[in-house]
Peer 1: 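Got a structure here, written out as structure tokens. Questions coming.
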Amino acid sequence: MDIIIIGVLLGGAYALMAMGLQLQYGVARIMNLASGEVLVAGSFAAFWFFTGANYSPIYSIFFVAPVAFGLNWLIYKIFMRPLVKRAKSEGQLEVDSILSTFGQSFILVGLMLAIFGGKYFNYSYLERPFDILGQAYELNRIVAFLFSITLCIVLYVWLNRTRVGLTLRAVSVNPEAAGLVGIDVPNAAALAFALGGAVTAAGGALLSMFLTFDASVGVIFTMKALVIVIMGGVRDIRGTILVAFILGLLETGVATLIDPGLTLASAYLLFILTLIVRPEGIFGKRSK
Amino acid sequence: MIEDKFLTRRELAGFIIAIVALAIAAMLPVLNTGYILSLGVTIAMYTVLSTSWALFSGPTHYISLATAAFFGLGMYVVGSGIEVLPFPILAIIATCAGAVLAFLIGVATLRLSGIYFVIFTLGLAEFIRQIVTWVQTTMGTSSGLYVLINIEEKTIYWRLLCLAAFVYLIGWGINRSRLGFALRIIGNDEEVAKHSGINVALVKVLLFMISGSIAALTGALLAPRWTYIEPTIAFSPMLSFLVVIMALVGGAQRLWGPILGVIPFALVWDLITAQFPNQTALMLGIAFLLVVYAIPNGIGGQGAKYWAKFKHWRDFRVT
Amino acid sequence: MSPNLALSVHNVTKNFGGLTAVDQITFDVMEHDVVGLIGPNGSGKTTMLNVISGMLRSSSGKIKLYGRNIARHSANRIARQGISRTFQLVRTLPTMTVAENIAAGGVFSYRRYWGKELNRRIRYMLSHVGLSDKAEMPVAALTYIDQKRVELARALMADPKVLLLDEWLAGLNPSEMKIGINLIRGLRYEGRTIIIVEHHMDAIRSLCDRCVVMNSGVKIAEGNPQAVLNEPEVIRAYLGEENA
């Protein structure tokens, strides 16, 4: 029971982080390997707000998300757009964007190391027990979970119910056709990329409430987000959210029952099984 | 036409240059056995790893980040067997283990699009590292292994040079064989390759096995350099990234490309890790961006372009 | 001398999700025959060709090449059994020379040349399609018709038992069209077995021994081109109901 609740609570934050990557890969077609670093940057920002100005991490999201949005917009315009323009094939764009976002991720790690050093960080916020079904859980986990889920729902509804959301979904299905019906594809892609970055950074701020982090931990989150997105099926938000919870449960289960050192290994095992059994993801459509 | 002579004049010249360079490089331990030799070992190691990486990734455009997994595997084979078996046999076992691991990875991912391969290999070393650590701690022994065998650094260096020569020979052989021709076709258009009778998945897996077994052998050869090996050393993810960036800086499209990246990069890297140990990530990041935006074909590609321009200019001037 | 059955397609179906692009198609191709596969846009002819060449896997049905089943085999195995093809949108290997592009067809396929023999074959094929003076040019520098020639030569390098041409004449201007038709007619006199997917009716009339007409994935007619093209159902498929 313990495992299930903690797993679900963790899954909420994972869902948010994977949604960010999903927007970037699904719509803007950029497999952003710097996603984990953006997340950690969000964590650092929340940490900074909390310890420096005694601001609640929840409030800091209202600052972190817009700034991340702006910065990611710039990253897209400066770094990614030229690659999209020069790419002769989808394969070339894939290779270029992987290398470029690798570069960005290392630069972010380098900058964070320079600013904050190589130490581990955490802070205590809402470290009060809260009872669910007779068991006590840390309040910060629950608050983070509720916020993540709210954001996910807002995002989902926004994508499915608004005109801009429709635009983004159109671009994700077929950028060329979307361009032909008068959608400004470059701007839609930039919007999706920036929004994805904002969501990821917000996820980082929420995760920082209960996880210990350091400047170079980002790659682990990138891995997890990638596994979730691929397993859930590219361009499939329901799948992303479902797999985020599965991963949260699995990791918590493995950590409590076997060894906390094996969490990434378990995520990986899940990934291998997916690749062998259903490479198009759980809900993904089989193409060709 | 397709070259059908055994050795062209160009290839002969290349061979002579390579042998002279190898002879000069082999003299290094005679001059110095301290810091410079240790730097030489590092450069020889990255030359082998980057060149064999490029054998697979150059023509297929699949970015493999699994080097550390193979390297660590080779090291661990030596580390865990050194008290039972002689070193040469362990080196052979390591090579085979690398090939088997590459085969498994290849079969699971190479039939899918390139992105799956990158993601899979990105975490592979970490995955193996976690498993190895867990196995070691639960089996009750310490977290590392002792490699108690007396092999001098210069011996390691010479062995690596031999391996490097071997890698170049393999690369040359592949380039002139049907396998190399198949790879070029695959790199251009996989669909055409399939319809020309090429078993694309098989070719990719085969190449990845060659590349992986060489990386594992390199790990095995280097194991005696450390007397005590730990998962964090053997499966360091940084190794994979360095191999990729060195090969790309040099140019992965040519057999002799990677070494052009390895030598300057290894020297600068050594300087930076000594002077500014916290800024290595930043440098790596800048190198990656440089490769994407400034020299997409690496130093080798850039050099070849200028050489062609120069030749054009020279011929134009004469006529 | 009774002609041999080269390729037999029996009850082949190909579904894409709920859509049936090829529905229970059956037809035979005799050795040395040139068969046209025609029909309006979206009738499933290119899908049919892709199923034969192994680019797509059929959902059901049998395809036999000289009696041996090749249905649902991978494209590379089918190529090795002796089926070569060209593509609807010309597909050359852009970083390679003309000679290398052509060589690609004859190294791993039904014929597997290498070394001196390979170069002899390349030289022969270059002159066969009229590209002898362009052997060492990068293929990307060629005109459209010349790229089509390269593609044809690549397919012929394997000396295939059955050659599949997917709208090989599409996109050519009238004078190029003449050259193209003559090239294919040459292949016909050589005795090649060919399946042509084509929109250009004059080409079909002048090149094909027989025609298979498809509409919405179904075979609606088969036989001599002249006769088939006058059948009411075929006219209806092409021009719509009121013209029949």
Side-chain angles (χ1 to χ4, degrees), chain A residues 25 31 33-34 37 78-79 82-83 86 89-92 94-114 117-118 215-216 219-220 222-227 229-230 234 258-269 271-276 279-280, chain B residues 57 60-63 65 104-105 107-120 122-124 126-138 143 187-190 231 237-238 241 244-245 248 252 276-293 296:
Chain A
Y25 187 54
M31 187 43 104
L33 298 180
E37 276 68 31
I78 296 170
F79 289 112
L83 297 184
R86 84 173 186 201
S89 64
E90 212 160 302
Q92 198 199 345
E94 214 169 80
V95 172
D96 278 348
S97 62
I98 285 169
L99 295 176
S100 172
T101 54
F102 257 140
Q104 292 162 28
S105 91
F106 282 117
I107 287 179
L108 281 174
V109 169
L111 289 178
M112 289 190 288
L113 271 175
S216 47
V219 65
I220 302 286
T222 308
M223 278 304 308
K224 289 178 183 170
L226 289 170
V227 168
V229 168
I230 298 282
V234 177
I258 309 176
D259 189 323
L262 287 178
T263 51
L264 190 70
S266 59
Y268 229 67
L269 209 60
F271 185 44
I272 296 173
L273 289 178
T274 317
L275 283 183
I276 292 167
E280 67 278 13
Chain B
S57 296
T60 57
H61 308 295
Y62 279 84
I63 300 167
L65 293 164
L104 295 176
I105 301 170
V107 168
T109 59
L110 284 175
R111 70 206 155 89
L112 305 169
S113 106
I115 197 89
Y116 294 92
F117 181 76
V118 180
I119 295 167
F120 190 83
L122 171 65
L124 186 72
E126 184 65 20
F127 169 65
I128 297 181
R129 192 180 67 78
Q130 287 195 352
I131 300 274
V132 168
T133 313
W134 181 70
V135 168
Q136 279 187 339
T137 44
T138 45
S143 63
N188 270 281
D189 190 329
E190 276 197 20
M238 204 44 125
F241 289 119
V244 172
I245 197 65
L248 291 176
F276 317 96
N278 268 338
Q279 299 314 318
T280 49
L282 206 57
M283 177 194 165
L284 198 59
I286 292 168
F288 265 105
L289 293 186
L290 214 67
V291 162
V292 180
Y293 298 98

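Just so we're on the same page: letters track the sequence lines, and every chain starts at 1.
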Peer 1: In terms of ring plane angle, is the pair A/F102 and B/F241 parallel, tilted or perpendicular, where the classes change at 30° and 60°?
Peer 2: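 The rings of A/F102 and B/F241 stand perpendicular, inter-plane angle above 60°.
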Peer 1: Of all of A/Q92, A/E94, A/M31, A/R86, which one pairs up most often with chain B through heavy atoms under 4.5 Å apart?
Peer 2: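 Most heavy-atom pairs within the cutoff with chain B belong to A/E94.
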Peer 1: Side chain, backbone, both or neither: which part of B/L65 has a heavy atom under 4.5 Å from chain A?
Peer 2: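 Side chain of B/L65 only, per the 4.5 Å heavy-atom cut-off to chain A.
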Peer 1: Could you grab the distance from atom CG of A/L262 to atom CD1 of B/I131, nearest 0.5 Å is fine?
Peer 2: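 If I round to the nearest 0.5 Å, the distance is 5.5 Å.
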Peer 1: Report the residues that fulfil ring-ring contact (aromatic ring centres under 6.0 Å, His included) with B/Y62, sequence neighbours left out, ordered by chain and then residue number.
Peer 2: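 B/Y62: ring-ring contact (aromatic ring centres under 6.0 Å, His included) contacts with B/F117.
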Peer 1: At a heavy-atom distance under 4.5 Å, which candidate from A/I258, A/L226, A/V109, A/L113 has the highest pair count against chain B?
Peer 2: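 Of A/I258, A/L226, A/V109, A/L113, A/L226 has the most heavy-atom pairs under 4.5 Å with chain B.
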Peer 1: What verdict does the side-chain contact (heavy atoms from CB on, under 4.5 Å) test give for A/L269 and B/F127, after you've listed the backbone C-alpha separation in whole Å, the side-chain angles of each residue and the deciding distance to 0.1 Å?
Peer 2: CA-CA 9 Å; A/L269 209 60; B/F127 169 65; 4.2 Å; yes
Peer 1: Looking only at heavy atoms, which two atoms of A/I220 and B/E126 are closest? And how far apart?
Peer 2: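 Scanning both residues completely, I find the closest heavy atoms to be CD1-OE2, 4.4 Å.
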Peer 1: What option among B/L124, B/L248, B/V118, B/V291 has the most heavy-atom pairs under 4.5 Å with chain A?
Peer 2: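 Most heavy-atom pairs within the cutoff with chain A belong to B/L124.
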Peer 1: Should A/I272 and B/F120 count as side-chain neighbours, where that means a heavy-atom distance under 4.5 Å?
Peer 2: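 Yes, at least one pair of side-chain atoms sits under 4.5 Å.
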Peer 1: Please rank A/G103, A/A267, A/A215 by heavy-atom pairs under 4.5 Å with chain B and give me the top one.
Peer 2: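 Top option by heavy-atom pairs under 4.5 Å: A/G103.
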Peer 1: Please report the shortest heavy-atom distance between B/H61 and A/V95, naming the atom on each side.
Peer 2: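 Heavy-atom minimum between the residues: O-CG2, 3.6 Å.
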Peer 1: Using every non-hydrogen atom in the two residues, find where A/G110 and B/Q279 come nearest and quote the distance to one decimal.
Peer 2: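 It is O-OE1, 4.3 Å.
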Peer 1: Can you find a pair of side-chain heavy atoms, one from A/I98 and one from B/I115, that are under 4.5 Å apart?
Peer 2: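 Of all side-chain heavy-atom pairs linking B/I115 with A/I98, at least one is under 4.5 Å.
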Peer 1: Chain B heavy atoms under 4.5 Å from A/L108: which part of the residue, side chain, backbone, both or neither?
Peer 2: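 Nothing of A/L108, per the 4.5 Å heavy-atom cut-off to chain B.
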Peer 1: Tell me which of these, B/A287, B/G285, B/P237, has more heavy-atom pairs under 4.5 Å with chain A than the rest.
Peer 2: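 It is B/G285.
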Peer 1: Between B/L289 and A/F79, does a side-chain contact (heavy atoms from CB on, under 4.5 Å) hold up when you go through it step by step?
Peer 2: CA-CA 9 Å; B/L289 293 186; A/F79 289 112; 4.0 Å; yes
Peer 1: At a 4.5 Å cut-off on heavy atoms, which part of B/I286 comes close to chain A: side chain, backbone, both, or neither?
Peer 2: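 Looking at B/I286, backbone and side chain both touch chain A.
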Peer 1: Looking only at heavy atoms, which two atoms of B/I119 and A/Y268 are closest? And how far apart?
Peer 2: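 Nearest pair, atom of B/I119 first, then A/Y268: O-OH, 3.3 Å.
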Peer 1: Could you tell me which residues satisfy side chain to side chain donor-acceptor pair (under 3.5 Å) with A/S100, sequence neighbours excluded, listed by chain and number?
Peer 2: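 For A/S100, the residues satisfying side chain to side chain donor-acceptor pair (under 3.5 Å) (neighbours in sequence not counted) are A/Q104, B/Y293.
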